[in-house]
Amino acid sequence: MSEAVGTETDRYSEGDHDRFSLVPAAYLYFRREGQVLLQLRQGTGYRDGFWACAAAGHVEEGESVIDAAVREAHEELGVVVAPDDVRPLTVLHRGEPGGPAIEQRVDFMFEVTRWTGTPTIQEPEKAAELAWFPFVGLPEPLVPHEAVVLGAVHDAGRHGTEMPRLLTLGF
């Protein structure tokens with residue numbers, strides 16, 4: 001006997017939302033001629049004083065990760081990125097060391113090499129500086145989970161290997 005479509009058994013229990021939280025984020029790395037655009041974080045309460053992806057943020061309700069990446073590029077850098085120009089790099093599933101055991105993060109890492117406008121800091125309360133860096137000379141300190149991703153990008157480009165489709169960190 002098959003179960004009817006659209007019954008209450010098609011939904012998760014409300015209690016499931018209390019026991020586990022997965023936070024998705026979109027990161028859009030701007031790249032040109034062996035360089036990546038990074039911002040120096042400030043005033044965010046997370047890794048202030050660390051270099052990080054110039055355009056990144058949480059996915060909002062009802063938004064795809066690609067839409068989030070395009071939105072963050074406009075909000076944080078004042079540039080327009082076409083969704084078709086957003087290319088996947090990898091997905092990073094991570095646990096936050098020292099953070100709540102029930103919270104995990106999934107970071108969708110993208111790259112872009114074409115955009116309209118000149119990237120500039122649009123949220124000076126959150127970014128102290130914006131600069132291009134060669135992959136062979138990345139600044140320190142880097143947000144640790146981003147350092148893992150940028151290291152993999154550098155290794156893939158330098159050694160001709162494929163970028164890992166999935167990375168894990170903090171488990």
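Values reported hereafter were calculated over all heavy atoms of this structure, with side chains retained and with hydrogens, waters and symmetry mates removed.
Remark: Leu150 engages Tyr29, Val36, Leu38, Phe135, Leu138, Leu142 in a side chain to side chain contact (heavy atoms under 4.5 Å, CB included) (not counting sequence neighbours). Judged as a salt bridge (charged side-chain N to carboxylate O under 4.0 Å, His left out), and not counting sequence neighbours, the contacts of Arg71 are Glu60, Glu63, Glu75. Taking Pro124 as the reference, Ile121 meet the side chain to side chain contact (heavy atoms under 4.5 Å, CB included) condition, with sequence neighbours excluded. Taking the side chain to side chain contact (heavy atoms under 4.5 Å, CB included) definition, one finds that Val65 meets it with Val59, Phe108, Phe110, sequence neighbours left out. The side-chain hydrogen bond (donor to acceptor under 3.5 Å, both in side chains) check on Gln122 picks up Thr120, with sequence neighbours excluded.
Looking only at side-chain heavy atoms (C-beta outward), Asp107 and Val91 stay at 4.5 Å or farther from each other. Contact annotation: the side chain of His74 approaches that of Val80 to within less than 4.5 Å [non-hydrogen atoms, C-beta and beyond]. Taking 4.5 Å as the limit, every side-chain heavy atom of Val23 sits out of range of all side-chain heavy atoms of Val106. For the pair Tyr27 and Val149, the minimum side-chain heavy-atom distance is 4.5 Å or more. In this structure the side chain of Leu37 never reaches within 4.5 angstrom of the side chain of Arg31, judged on heavy atoms.
The shortest heavy-atom contact between Ala26 and Ala68 is CB-CB, 3.9 Å. Heavy atoms only, all atoms of each residue included: Gln42 and Ala128 are closest at OE1-CB, 3.3 Å. Between Phe30 and Trp132 the shortest heavy-atom distance is O-CZ3, 3.4 Å. The minimum heavy-atom distance linking Ala54 with Gln39 is given by the pair O-NE2, 3.2 Å. Closest heavy-atom contact between Ala56 and Glu72: O-OE1, 3.3 Å.
Between the CD atom of Glu111 and the CG atom of Leu89 there is a distance of 4.5 Å, given to the nearest 0.5 Å. From Ile66, atom CD1 reaches atom CG of Asp85 across 11.0 Å, with rounding to the nearest 0.5 Å. Annotation: the span from Arg41 atom CZ to Asp48 atom CG amounts to 6.5 Å, rounded to 0.5 Å. We find the CZ-CZ distance between Arg114 and Arg87 to be 9.0 Å, quoted to the nearest 0.5 Å. Going from atom CG of Leu130 over to atom CG of Leu77 covers 6.0 Å, rounded to the nearest 0.5 Å.
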Could you please spell out the steps behind the side-chain contact (heavy atoms from CB on, under 4.5 Å) verdict for Leu28 and Val81? CA-CA 10 Å; Leu28 185 58; Val81 173; 4.2 Å; yes
The test is side-chain contact (heavy atoms from CB on, under 4.5 Å); show your working for Leu167 and Met109 and say whether it passes. CA-CA 10 Å; Leu167 298 168; Met109 306 294 191; over 6 Å; no
Assess the residue pair Val79 and Thr116 against the criterion (side-chain contact (heavy atoms from CB on, under 4.5 Å)); give the C-alpha distance rounded to whole Å, side-chain angles, the decisive distance to 0.1 Å, and a yes or no. CA-CA 6 Å; Val79 298; Thr116 302; over 6 Å; no
Please test Val136 against His154 for side-chain contact (heavy atoms from CB on, under 4.5 Å), starting from the C-alpha separation and ending with a verdict. CA-CA 8 Å; Val136 294; His154 175 258; 3.5 Å; yes
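In this structure, Trp51 has its ring center closer than 6.0 angstrom to the ring center of Phe133.
Of the N and O atoms on the side chains of His145 and Arg47, not one donor lies less than 3.5 Å from an acceptor on the other residue.
Judged by distance alone, the side chain of Thr90 and the main-chain N or O of Pro164 form a donor-acceptor pair under 3.5 Å.
Identified under the salt bridge (Lys or Arg N to Asp or Glu O under 4.0 Å) test for residues 121-131, with sequence neighbours left out: none.
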